[in-house]
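In what follows, a single structure is set out as structure tokens and then discussed.
Just so it is clear, the structure is predicted and the values come from calculations on it, not from any experiment. Residue numbers start from 1 in every chain, and the chains themselves are labelled A, B, ... in the order their sequence lines are given, proteins ahead of strands.
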Amino acid sequence: MKRTDYCGDLREGDAGREVTLLGWVQRRRDLGGLIFVEMRDRQGIVQVVFNSEVDPEVHEKAQSLRSEYVIGVKGKVVLRPKGTANPKLGTGEIEVIATSLKILNLSKTPPFLIEDEEEVAENTRLKYRYLDLRKPRLQQNLILRHRVAREVRNYFDRLGFLEIETPMLTKSTPEGARDFLVPSRLTPGHFYALPQSPQLFKQILMISGFDRYFQIVRCFRDEDLRSDRQPEFTQIDVEMSFVKVEDIQRTMEGLMVHIFRQVLGVELEAPFPSMTYEEAMDRYGVDKPDIRFGMELRDVTEALRHSPFHVFKEAIETKGAIKAINVKGGGVFSRKEVDDLTHFVQNFGAKGLLSAKIVQNEWQSSIRKFITEEERKAIDGILDAGENDLLLFVAGPGGVVNQSLANLRLHLGAKLGLIPEDQYRFVWIVDFPLLEYDEKEGRFVAVHHPFTAPKDEDLEKLREHPELVRAKAYDLVLNGSEIGGGSIRNHLEEVQSLVFEKLGMGEEEARERFGFLLEALEYGTPPHGGIAFGFDRLIMILSHSESIRDVIAFPKTQKGTCLMTEAPSRVDSKQLDELWIKLKEMKA
RNA sequence: GGGGGCGUAGUUCAGCUGGUUAGAACGCCGGCCUGUCACGCCGGAGGUCGCGAGUUCGAUCCUCGUCGCUCCCGCCA
């Protein structure tokens, strides 16, 4: 049997055609002399009719059909009798009258129904991933993923970019995330690392003169998982020569416009707005603001500068901050709801959450007695407080205040339905600090990565005040999710060496780790820069998925295991011997 | 490393203050049924209550440990 059509593709226009379908039994409705079988393939579902009066032999065979049997059906497409159309199916206007049935394979009863709505425990889904992947939603997600990848390649190809592969077995780079290591058999005691990104290779390609590079590439980071993080993930990696920040931004905006138009049929407005890191932190408390709704953070530190209230006083004396959000109409929140919000911010290190309801132009609040009339009016002004609003304050170290309120804002935005789910709001975040001081390490670390160039006007400060230097770095944020980030790189060896020095890396150490790059920089390196996009996260947003596992065919659990293959697994001692590896004693 | 949630039939869940035979729905099996589409009707099977200790006359329920899945913090661009 050869397929003539996919089940889900058939429409009214196909009425009268003889078709051959290959697929799975979704559901069987046996009415006795008449059997309806919903038949499924990757395009969708169509109803097949087995009628004992049309063909008793085929009808009898159909009685043995069960869920997930693999079948081939020959039959005639007909319009359904009046009043029996099913508006829930794309194929609902027609059905296929079967004239021939071939059972290609049987199936055990599946452990769960192959339906989108069926909510099944994650471990069951992952163990039977091949069944879970039969669900229409996951099939659509992977089809969408394919289409986006295809359009990425079309777009870059048209602009003269070359897709060039880079090694999976490469050198460990201690900066950044933990590496996955691969032992070398031929060089005992030595290890490759799987790439966290092709960062250095794409810069080398620029030095080689390839000018415009991109790659859809797998990357690996051995860090703990989240709902949007897997240990292996995919990036759209890009690097260009002879460009400034704006050139890369416009190129990537073009990519987004192209993808959204080709894949979703959505027209985006470009160029995208831009916001400095400083402004983002000030107004939203994060470097990846969701600008689809308001409820912005407001700084009330100055208004409370002379407050005797110990919570405020301590925050100010320790050079912290006091910020607040105004939940419009939040006066209706119950005591318990506000308590829950307090617990919520404590997840982010806040000691507590202070609240005030506006009732008849007055504060209803446990802290009212510590607030002067003047302070109250100032704060009402800053927060644009009105009747029945709920003001929420967090005081403490600046980072904690921002993180608490940023997350609280998102939490409340979702809870109150303030986020328009159908909007795509992009924003560039620019002017990131180049370096930040790491208390634990006792040295400066790169905010982006160590190859990022300082802004020209800040270059002077690099020696004396490295903390004030801003970088030629940019992140692209979509609906509160960081989908891409990049920078202009250091193409001058002396600048790169100086950055390494500021990172506390001696010349010798820098030579050992990145000597090949420093050396390459001395052989005519063009100015260059690039960006990397989180491909999985982009697909998550485009498919409205809540978990990254729903956009990856074979994802890992939160502990990094694959429940289908049962990786990782022990290996036999012969394999270890060849790799010169001896395991430490472990508790059974 | 830390905090939260979940774990009972194939699946999703209920199970009172610890008490006799652990329930429901869907699914599954058998029978009937020619316009169903969550088909309907009749009948039936199906349980190591994640695992291990402890408390108790008695544990699905309480305590401790452990395993698995998940969300978050730390970590991670």
P atoms of B:A45 and B:G52, separation to the nearest Å: 28 Å
Can you tell me how far P in B:C61 sits from the matching atom in B:G18, rounded to whole Å?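 Nearest-Å result for B:C61 against B:G18 at atom P: 11 Å.
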Look at the side chain of [X] against the base of [N] and say whether a donor-acceptor pair falls under 3.5 Å; ignore hydrogens and angles.
X	N	value
A:Asn123	B:G7	no
A:Arg27	B:G27	no
A:Arg229	B:C76	yes
A:Arg80	B:C37	yes

Any donor-acceptor N or O pair under 3.5 Å, side chains [X], [Y]:
X	Y	value
A:Gln47	A:Arg29	yes
A:His544	A:Arg137	no
A:Thr234	A:Arg145	yes

For B:C62, the nucleotide meeting Watson-Crick or G-U wobble distances (both under 3.5 Å) is B:G54
Out of [options], whichever nucleotide has its closest atom nearest the side chain of [X]:
X	options	result
A:Leu113	B:C71, B:C26, B:A77	B:C26
A:Leu34	B:G35, B:C29, B:C33	B:G35
A:Glu122	B:G35, B:G74, B:U70	B:U70
A:Asn86	B:C73, B:C37, B:C76	B:C37

Under 4.0 Å, counting only non-hydrogen atoms across every strand here, what does A:Thr84 touch: a base, just sugar-phosphate, or nothing? base
What does A:Leu563 touch in the nucleic acid at a heavy-atom separation under 4.0 angstrom: a base, only the sugar-phosphate, or nothing? sugar-phosphate
Under 5.5 Å centre to centre and under 30° between planes: does that hold for A:Phe36 and the six-membered base ring of B:U36? yes
I need the single residue from A:His528, A:Glu239, A:His491 that forms a side chain to side chain donor-acceptor pair (under 3.5 Å) with A:Gln203. Which is it?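 Per the side chain to side chain donor-acceptor pair (under 3.5 Å) rule, the option paired with A:Gln203 is A:His528, out of A:His528, A:Glu239, A:His491.
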